[in-house]
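Because the structure is a prediction, the values reported are computed rather than measured. Residue numbers start from 1 in every chain, and the chains themselves are labelled A, B, ... in the order their sequence lines are given, proteins ahead of strands. Keep in mind that the numbers below use all heavy atoms, side chains included, and drop hydrogens, waters and symmetry copies.
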Amino acid sequence: MLDLGFVRDNLSLVRQRLAERGLPDVLGDFETLDRERRAHLADAESRRARRNKISDEIAALKKRKEDASALIAEMRQLGAEISRYDAEADAADEKLRELLKRVPNLPHESVPVGRDASANQEIRRWGEPRQFDFEPKAHWDLGPALGILDFERAAKIAGARFAVYYGMGARLERALANFMLDLHTREHGYTEVLPPFIVNSATLYGTGQLPKFAEDLFKVEGDDFWLIPTAEVPVTNLYRDEVLSADALPLKYCAWTACFRSEAGSYGKDTRGLIRQHQFQKVELVKFSLPDHSYDELESLTRDAATVLEKLGLPHRVVALSTGDLGFSSAKTYDLEVWLPSSGEYKEISSCSNCEAFQARRANLRFRRGKAKSEFLHTLNGSGVAIGRTWLAILENYQQADGSVMIPEVLRPYLGGCNRLSPQPN
RNA sequence: GGAGGGAUGGGUGAGUGGUUGAAACCGGCGGUCUUGAAAACCGUUAGCCCCGAAAGGGGCUCGGGGGUUCGAAUCCCUCUCCCUCCGCCA
């Protein structure tokens, strides 16, 4: 959520930055609503002040055993007025809140301005796409041929956009999770956390998925339970309604979780293979930072994620998202895109964002410097990285002419020394 | 799922309708004393919102929401969470 006072004092700037995101009108009639709300509030509060005063006077009279019936009559009158003004103030407040909840974050000044992904800016590349002396296959052909991946039985037991892994395929998924967690905890200073995969709606509101994006989520019927679309949701909410000490920051967490996404509205997109699934596993990085350092923390978080791909020898590039491509809660985002030989293009495998105080305001995440007044901290998150997409990137990038797949050096200890996937029966 | 008990400030914990936003203790901060520290003593110590340039003024908050009342931390209803016992269960 944007800061109410900041919006009030910088209306034209805020409108302009939102327009850069492609949303010139989200603020609607903010000024009127804001003015009305404050006027109604003042009406109600001045009556309350009067009521408190009279209440004391009644108490004093009663103590002296004197007659208070005139004042009590006035209190009755006041009570009625207060409920009327309260109702008006509540209605205005509710409208303003509903409006503000649906307004996305403002882009940082360093974000390239543009209407969509075509304006994204490539920052750097790592690695050279491999030259194949044969026609590289897609993972959806390689996996089933190796006997480690099965879409048909997954469709039978769950539906489209699910997969079943067998043998070394399942083990590769687990190896990747362990490799990433070990790297981030041992070399990058993150603390591992294993959160619930189901959360309540307040938690989803805190990170910005609700109220606007409910249709992207899976909801458990009959309860206020939702499947998490990313570990960012439970981990960022860990300190909701708490005040942390400034010296405790930055806090750095990494979490392995399954992620569940309805993928509503993506019909026909990435229908083949593992690219877009209803369930996938991911190692997520989350940081709680001082506002002063959050952009440095974004750079280091992005590097931490990229290190995973470097160690695995996967060619990739870093892209700064343009204003029009930014996620709802983010002020600045770098995507990591891994090279996929089958499609001959770079594909998103990680998304690293600085949400500044946007989520902190929604989730009431604060910190305090010494005795000073508490402030909202900055939250960051990024995939470190998506495991399913890494799995398929390894198959495609390390495939051999005979259909086998070489295993990157760093993963071999996690796979019992295995250096090559060869066709296996399942 | 059934029965019972609970939720008060950073912590422990008093408080059953009217100067209680809240005793006391602990902790924190400042000070006195001390070469320094400890101890002792004194003082201080919630958050949010509205008006205001500021000084200041006002409002709300005793788990959340609703109700009773002139007035609610205190009474009633409801939801959430925690604890104990029973059942079920990885």
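Using a 4.0 Å heavy-atom criterion, one finds that A:Arg97 contacts no nucleic acid atom at all. Residue A:Ile58 is in base contact, counting any heavy-atom pair closer than 4.0 Å across all strands shown. As judged by a 4.0 angstrom heavy-atom cut-off over every strand, A:Arg366 is placed among residues touching the sugar-phosphate backbone only. Among the heavy atoms of the strands, none lies under 4.0 Å from A:Ser69.
Checked against B:C49, B:C51, B:G71, the side chain of A:Arg37 finds its nearest nucleotide in B:C49. Across B:C49, B:C51, B:G59, the shortest atom-to-atom separation from the side chain of A:Ala49 is found for B:G59. Picking from B:C51, B:G58, B:C60 the nucleotide with the shortest atom distance to the side chain of A:Arg48 gives B:C60. Nearest to the side-chain atoms of A:Leu4 among the listed nucleotides B:C48, B:C50, B:C70 stands B:C50.
When the options A:Tyr205, A:Trp226, A:Phe328 are evaluated for a ring pair (Phe, Tyr, Trp, His ring centres under 6.0 Å) with A:Phe213, the one that passes is A:Phe328.
Nucleotides of RNA chain B nearest to A:Gly79 and A:Arg368 differ in position, and the one nearer the 5' end is that of A:Arg368.
Atom CD of A:Glu81 and atom P of B:C70 are 16 Å apart (whole Å). In this entry the distance linking CD of A:Glu94 with P of B:G65 reads 13 Å, nearest Å. Between the CD atom of A:Glu45 and the C1' atom of B:C49 there is a distance of 7 Å, rounded to whole Å. Atom CG of A:Asp43 is separated from atom C1' of B:G58 by 14 Å (rounded to the nearest Å).
Side-chain contact between A:Asn105 and A:Arg21 is present, with at least one heavy-atom pair separated by less than 4.5 Å.
Between A:Glu20 and A:Arg17 there is a salt bridge, since at least one side-chain N of the basic residue sits less than 4.0 Å from a carboxylate O of the acidic one.
Checked by atom type, the side-chain pair A:Glu192/A:Thr185 shows no donor-acceptor distance below 3.5 Å.
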